[in-house]
Amino acid sequence: MASNRRNSVRRKGKGKEDCGQAPKKDGLKNMKLIVMPEDTMNGHISLSTVVNRLKLKRGDISDAVRKVNSTVDTILKSDAIATHPLFHRMEDIGSGSYYEHLKIIKPNEFDIMLTLSVGRLQLKSYGESGAFYTLSFKRLPAARHPLKKYLDDEGNISAQKIMCDLRCIIKDIIKKLDIPVTIARKKRYSPAITLIFPNEPDSISVDLVLALKPQGSWPASTKGGLDIKNWLGTKVRRELRWKPFYLVAKQPIGEKNAKVETWRLSFSTIEKEIIKNHGQRKTCCENKEDTCCRKSCLKLLKCLLELLKENHKRLHQFCSYHAKTAFLHCCTKYPRDTQWNVKDLEICFDRLVDYFLNCLESAYLPNFFIPSYNHFGSEFIGGSLAFLNSKLVSEKTQGYPVFNSLFKL
DNA sequence: AGGAGCTACACGAG
DNA sequence: CTCGTGTAGCTCCT
């Protein structure tokens, strides 16, 4: 196996033992910080102060990363993986907020894709969204092909069979570790194998997501997606579309027929690349004058959503990926770096919130890569769109008072 | 596989 | 505030 995530075990660092916290419980409140008078503007905390509050602490990063990296290294280098006919080819790629420098408050959630190169496959679209597929071989594979034993009755690659084996292997490995780490119970519809480091009182979770990397160009459903021509340019778009795409072991939510084995498209690697190189000009954020506030705006929107979710159980269906998706569309709508000047943080964030509000009102938030896949589609029940809408409008008109809870004693 | 050199960020000294 | 340093991740190179 090979690592794209990092290349060596790092030095040990000193720091506090208070990094990480269970994502579902508690969440962002119970922060310990006092509001300074100079941080307030007309009774409201300025957004730049909030952004500062969201930064990860160096000591926390050091502590968390040391545990996460050493454990993942141990797993991937273990005999059980290294000698496995299929899994020994896995490569790990850091993805998600932490590796995009978008994680807020604490480094308590890590996403790592475990990728498998699988050659050319037959992708059959499943459902209307263009995001879900069944996978089979174009030609029947040889009997000793490592994927042969993971085919179901119809010759489709079975996500469940693969995930089951991988989960068992990882479970065995971590059982033998001296580090206190457990494996979370399998969640329905979740493609992840989640490691939990139960460092009292906080915990760190690491989502390991198996992702198949088929050869070939992106599926037809992505055709009108990745609308970045005016923002990052046609050349960049062409180059990005030449890069690999991935399929993760995810079943459509609410799928009654459990027999159908589907995989869902994932473009985490492309998202990471866009976030890293997010400016219209190559020099964006390279020096002080060219600093933009795109990432700050996304951090704020993620935080806003998380805080509202903590306060309202009805909002459980919303996730940070919705914020990220709306953000990417917003970047397309406002492509110029001058439209995201760091001096205009408040304006830019209001504008992003407006964009998100529009998605809620129209019940339409297409996946940034798959236009036919509406994240706010029919599975959103019971007026939760309207509910979030009203909460956001209220927050916006009042200058986002919910951010004050980040500074409560 | 492992290291050099790079980027991005946090943070503290001045 | 600016700048130097430490840390982590990533790419390229051998």
Side-chain angles (χ1 to χ4, degrees), chain A residues 1-20 31 33 36 38-39 46 48-79 81-83 88-115 197 204 206-208 236 239-240 242-244 268-279 281-300 302-303 337 340 342-343 345 406:
Chain A
M1 96 296 299
S3 173
N4 293 323
R5 185 167 40 88
R6 74 237 167 272
N7 60 9
S8 63
V9 178
R10 299 291 173 175
R11 290 261 66 85
K12 55 186 172 194
K14 49 129 191 111
K16 296 161 294 178
E17 271 292 310
D18 68 340
C19 50
M31 296 286 115
L33 213 108
M36 314 289 198
E38 62 267 27
D39 288 340
S46 77
S48 65
T49 302
V50 177
V51 171
N52 277 326
R53 180 66 193 86
L54 302 181
K55 285 182 199 302
L56 306 183
K57 303 280 174 293
R58 205 157 59 177
D60 291 350
I61 292 174
S62 188
D63 288 348
V65 159
R66 196 168 60 246
K67 287 171 186 143
V68 171
N69 285 353
S70 69
T71 305
V72 174
D73 280 342
T74 307
I75 289 171
L76 292 181
K77 287 177 179 157
S78 70
D79 286 347
I81 297 285
T83 63
H88 81 278
R89 303 183 134 277
M90 284 192 307
E91 299 182 23
D92 60 315
I93 299 178
S95 66
S97 307
Y98 176 78
Y99 298 96
E100 292 167 340
H101 295 112
L102 288 172
K103 187 71 184 77
I104 54 175
I105 316 274
K106 293 170 184 175
N108 59 344
E109 290 172 302
F110 293 81
D111 297 283
I112 295 170
M113 280 204 308
L114 303 176
T115 71
F197 295 83
I204 301 166
V206 181
D207 276 1
L208 303 174
V236 170
E239 282 159 16
L240 288 175
W242 203 81
K243 290 173 185 290
S268 303
T269 52
I270 309 297
E271 290 157 19
K272 185 159 89 168
E273 205 139 329
I274 291 175
I275 297 288
K276 196 167 111 186
N277 214 335
H278 56 259
R281 287 174 302 167
K282 271 272 178 275
T283 54
C284 184
C285 289
E286 274 184 7
N287 53 55
K288 194 78 180 161
E289 307 84 65
D290 293 329
T291 306
C292 84
C293 66
R294 287 181 180 91
K295 288 169 84 170
S296 294
C297 284
L298 178 49
K299 283 186 193 175
L300 287 168
K302 278 170 49 132
C303 184
D337 298 341
W340 296 90
V342 71
K343 291 193 169 56
L345 176 61
L406 294 170

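Throughout, protein chains are lettered first and strands after them, A, B, ... in sequence-line order, and every chain is numbered starting at 1.
Side-chain nitrogen and oxygen atoms of N52(A) include none within less than 4.0 Å of the OP1 or OP2 phosphate oxygen of dA10(B). Between S62(A) and the phosphate of dA8(C), there is a side-chain N or O to OP1/OP2 separation shorter than 4.0 Å.
Put simply, CG on N277(A) is 12 Å from P on dT7(B), counting in whole angstrom units. Atoms CG (L56(A)) and P (dA8(B)) sit 17 Å apart, rounded to a whole Å. Between the CD atom of E286(A) and the P atom of dA8(B) there is a distance of 7 Å, rounded to whole Å. For the pair K276(A) NZ and dG9(C) C1', the interatomic distance rounds to 9 Å; values are reported in whole Å. What separates CG of N287(A) from C1' of dT7(B) is a distance of 14 Å, to the nearest Å. Taking atom CD1 of I112(A) as the reference point, atom C1' of dA8(C) lies 13 Å away to the nearest angstrom. Atom pair K103(A):NZ and dC9(B):C1' shows a separation of 16 Å (rounding to whole Å applied). Following rounding to the nearest Å, I105(A) (CD1) and dC9(B) (P) show an atom-to-atom distance of 17 Å.
Of the possible polar contacts, one joining the S46(A) side chain to the T49(A) backbone as a donor-acceptor pair under 3.5 Å is found. The backbone N or O of R66(A) sits less than 3.5 Å from a side-chain atom of S70(A), completing a donor-acceptor pair.
Across dC11(B), dG9(C), dA8(B), the shortest atom-to-atom separation from the side chain of K57(A) is found for dC11(B). Checked against dC9(B), dT7(C), dG9(C), the side chain of Y98(A) finds its nearest nucleotide in dG9(C). Taking every side-chain heavy atom of R58(A) into account, dA10(B) is the closest of dC9(B), dG9(C), dA10(B). Nearest to the side-chain atoms of K55(A) among the listed nucleotides dT2(C), dA10(B), dG9(C) stands dA10(B). Nearest to the side chain of I61(A), among dG9(C), dA8(C), dA8(B), sits dA8(C). Nearest nucleotide to the H101(A) side chain, out of dC9(B), dT7(C), dG9(C): dC9(B).
The two atoms that bring T269(A) and P244(A) nearest to each other are OG1-O, 4.2 Å, heavy atoms only. Annotation for I204(A) and A64(A): closest pair CD1-CB, 3.7 Å, computed over non-hydrogen atoms.
Residue contacts shown for K295(A) are limited to sugar-phosphate atoms, with no base heavy atom under 4.0 Å away.
Listed by chain and number, the residues in a side chain to side chain donor-acceptor pair (under 3.5 Å) with S97(A) are K302(A) (sequence neighbours excluded).
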